[in-house]
Amino acid sequence: MKSLTVDAGDERYDVLVGRLEDNRSRLAALARGNPLVVVSEPRVWGLHGARLEALLPCDPILVPEGEAAKDWPHLRDLIQAFADRNLDRGSTIAAFGGGSVGDLTGLAAGLFKRGIPLIHLPTTLLAQADSAVGGKTAIDALGQKNLVGMFHQPRMVIADVSLLETLDPRQLRAGYAEVVKYGLIRHEALFEWAEDHGAILLAGHHEYREEAVWQSVAAKARMVEADITDRNGARALLNFGHTFGHALESAAGLGTLLHGEAVAVGMVLAFDLSAELGHCPHDDARRVRAHLAAVGLPTTIAETGVDRAALLPLMRTDKKNDSGALRLVLTEGIGEAFLSEGVEERVLADFLARAA
Ligand SMILES: NC(=O)c1ccc[n+]([C@@H]2O[C@H](COP(=O)([O-])OP(=O)(O)OC[C@H]3O[C@@H](n4cnc5c(N)ncnc54)[C@H](O)[C@@H]3O)[C@@H](O)[C@H]2O)c1
Ligand SMILES: O=C(O)C(=O)C[C@@H](O)[C@H](O)[C@H](O)COP(=O)(O)O
Ligand SMILES: [Zn+2]
């Protein structure tokens, strides 16, 4: 098992990459003699709930699977379920699912009684490599992705890649896009590793999956520590590809295009725009597109079926924007992302009208 500690100000927590069974005593300690309250969804609980229940008594609360869970009614229902159990600030909630379960549960746990302890037991590649670490939580609202949320850091994260054996290939690929993101932001060597090992990892190689999760969370932990609540620009780099990506997700209809698929297209667009603006070599943009396409991810707006005219208005709602100025994460090349000071709307509109 590998582990690291995230130092998030007043809160420090371990991220463990290894088997659930090797962490039984940690889970039992957090449950403090009570059944562990586990928020999950029917598919994950049906496939893997018995593994958790073999370790300690559990009290499952099931929410719908996928993006559909990230809305006001399900947030309200989850808080109702916490109240029905009279949970308090000594209780621990476990989010057992992908990023959707994690985002919803994290928000409910952060709001309930102004914050009750949370652990993440992520079951998708995306959640293990990215969403379980860092404390961002959210639901979608008013047609906008992650509009309502807060930071609520977990007490512990356990990423067991054996859970990924039941994940369908499309979901795996979507999660892999966020792994590639970590290479593209700051770690050229990780991108090179992904070019060499990505296809085998997706096909089922256990050790490569573990390595991808480990490298991603190690990279993410350091960036989160530098900017825990996303205020000084360091953490904004984790949003690489997301200004385009979230607009694509919202325009497609939330839950239609997978988050990681939208991020894949968004990262290619960020490279293409950076190359057009003279920040980065066109060859790097071609190389990124080639790798993502080779593993079966979408890389063009055309493949998403989205009306490109819908994108700019949605990009105006992005959280990185400052006093109305559009701020995107652009790049000087593979491993060299930076937060732009402001991209002129007419430049973006012209780019979007022509982009593939
Ligand atoms: N908080 C963050 O930092 C952060 C980071 C990245 C993404 N996100 C969010 O995460 C969400 C996407 O999460 P996701 O990609 O994990 O997908 P998801 O949670 O929506 O789950 C996708 C599908 O995979 C199934 N599934 C989950 N685990 C499984 C398993 N082990 N075996 C079989 N099926 C399984 C689910 O039932 C569901 O149908 C988006 O809403 C995105 O915005 C949040
Ligand atoms: O942890 C972060 O910071 C990220 O930006 C990670 C992203 O992969 C993730 O999709 C995040 O939820 C996006 O957040 P938002 O602030 O753009 O809603
Ligand atoms: Zn993301």
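Order of appearance sets the numbers: ligands from 1, and atoms from 1 within every ligand. None of these values were measured; they are calculated from a predicted model.
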Do D103 and K136 meet the salt-bridge criterion of a basic N to acidic O distance under 4.0 Å?
no
Contact list for residues 90-100, test side-chain hydrogen bond (donor to acceptor under 3.5 Å, both in side chains), sequence neighbours left out:
D88-S91
A174 versus E261, closest heavy-atom pair with distance
CB-N, 4.1 Å
Identify the protein heavy atom lying closest to atom 28 (N) of ligand 1, giving its residue, its atom name and the separation to 0.1 Å.
T123 OG1, 2.8 Å
Ligand 1 versus L167: contacting region, heavy-atom distance under 4.0 Å
both
Out of E41, K70, E65, whose heavy atom is nearest to atom 36 (C) of ligand 1?
E41
Report, in ascending order of atom number, the atoms of ligand 2 lying under 4.0 Å from any heavy atom of H259.
10 (O)
Which bit of K220 is near ligand 1, meaning a heavy atom under 4.0 Å away: side chain, backbone, both or neither?
side chain
What's the shortest distance from atom 7 (C) of ligand 2 to any protein heavy atom, and which residue and atom give it?
H242 NE2, 3.3 Å
Under 4.0 Å to a heavy atom of H246 - the qualifying atoms of ligand 2, by number:
13 (C), 15 (P), 17 (O), 18 (O)
Does the plane of the ring in H291 sit parallel, tilted or perpendicular to the ring in Y176? Use 30° and 60° as the thresholds.
perpendicular
By number and element, which atoms of ligand 1 are closer than 4.0 Å to a non-hydrogen atom of G98?
16 (O), 19 (O)
I need the atoms of ligand 2 closer than 4.0 Å to a non-hydrogen atom of K220, numbered in the order shown.
1 (O), 2 (C), 6 (C)
Closest protein heavy atom to atom 27 (C) of ligand 1, given as residue, atom name and distance to 0.1 Å
T124 CG2, 3.3 Å
Residue-ligand contact E165/ligand 1, heavy atom below 4.0 Å:
no
Give the contacting part of L258 toward ligand 1: side chain, backbone, both or neither, where contact means a heavy-atom distance below 4.0 Å.
neither
Kindly assign one of parallel, tilted or perpendicular to the pair H205 and Y208, based on the angle between their ring planes and the thresholds 30° and 60°.
parallel
Is any NZ, NE, NH1 or NH2 atom of the basic residue among E344 and R346 found under 4.0 Å from an Asp or Glu carboxylate oxygen of the other?
yes
Under 6.0 Å between the ring centres of F271 and F240?
yes
Which of the atoms of ligand 1 are close to D103, meaning less than 4.0 Å from one of its heavy atoms?
1 (N), 2 (C), 8 (N), 9 (C), 44 (C)
Determine whether the side chains of K70 and N146 contain a donor N or O and an acceptor N or O closer than 3.5 Å.
yes
Could you say whether the N/O atoms of G99 and ligand 1 ever approach to under 3.5 Å?
yes
Partner of K145 under side-chain hydrogen bond (donor to acceptor under 3.5 Å, both in side chains), chosen from E249, H246, H242
E249
Can you sort out which atoms of ligand 1 are near K145, meaning under 4.0 Å from one of its heavy atoms?
40 (C), 41 (O), 42 (C), 43 (O)
Taking only heavy atoms of D130 into account, list the atoms of ligand 2 that are under 4.0 Å away from them.
6 (C), 7 (C), 8 (O)
Of the protein's non-hydrogen atoms, which lies at the shortest distance from atom 30 (C) of ligand 1, and what is that distance?
T166 OG1, 3.5 Å
In terms of atom number and element, which parts of ligand 2 are under 4.0 angstrom from non-hydrogen atoms of K181?
6 (C), 7 (C), 8 (O)
Do any of the N/O/S atoms of E178, backbone or side chain, fall under 2.8 Å from the Zn ion (ligand 3)?
yes
Please give me the minimum heavy-atom distance between R51 and L55, naming the atom from each residue.
O-CG, 3.4 Å
Ligand 1 to L163, heavy atom cutoff 4.0 Å, flagged ligand atoms 30 (C), 31 (N)
Would you call E178 and K220 a salt bridge, taking side-chain N to carboxylate O under 4.0 Å as the test?
no
Contact atoms of ligand 1, heavy-atom distance to K136 under 4.0 Å:
1 (N), 3 (O)
Relative to the heavy atoms of E67, which atoms of ligand 1 are at a distance of less than 4.0 Å?
20 (O), 40 (C), 41 (O)
Of all N, O or S atoms in H259, which has the smallest distance to the Zn ion (ligand 3)?
NE2
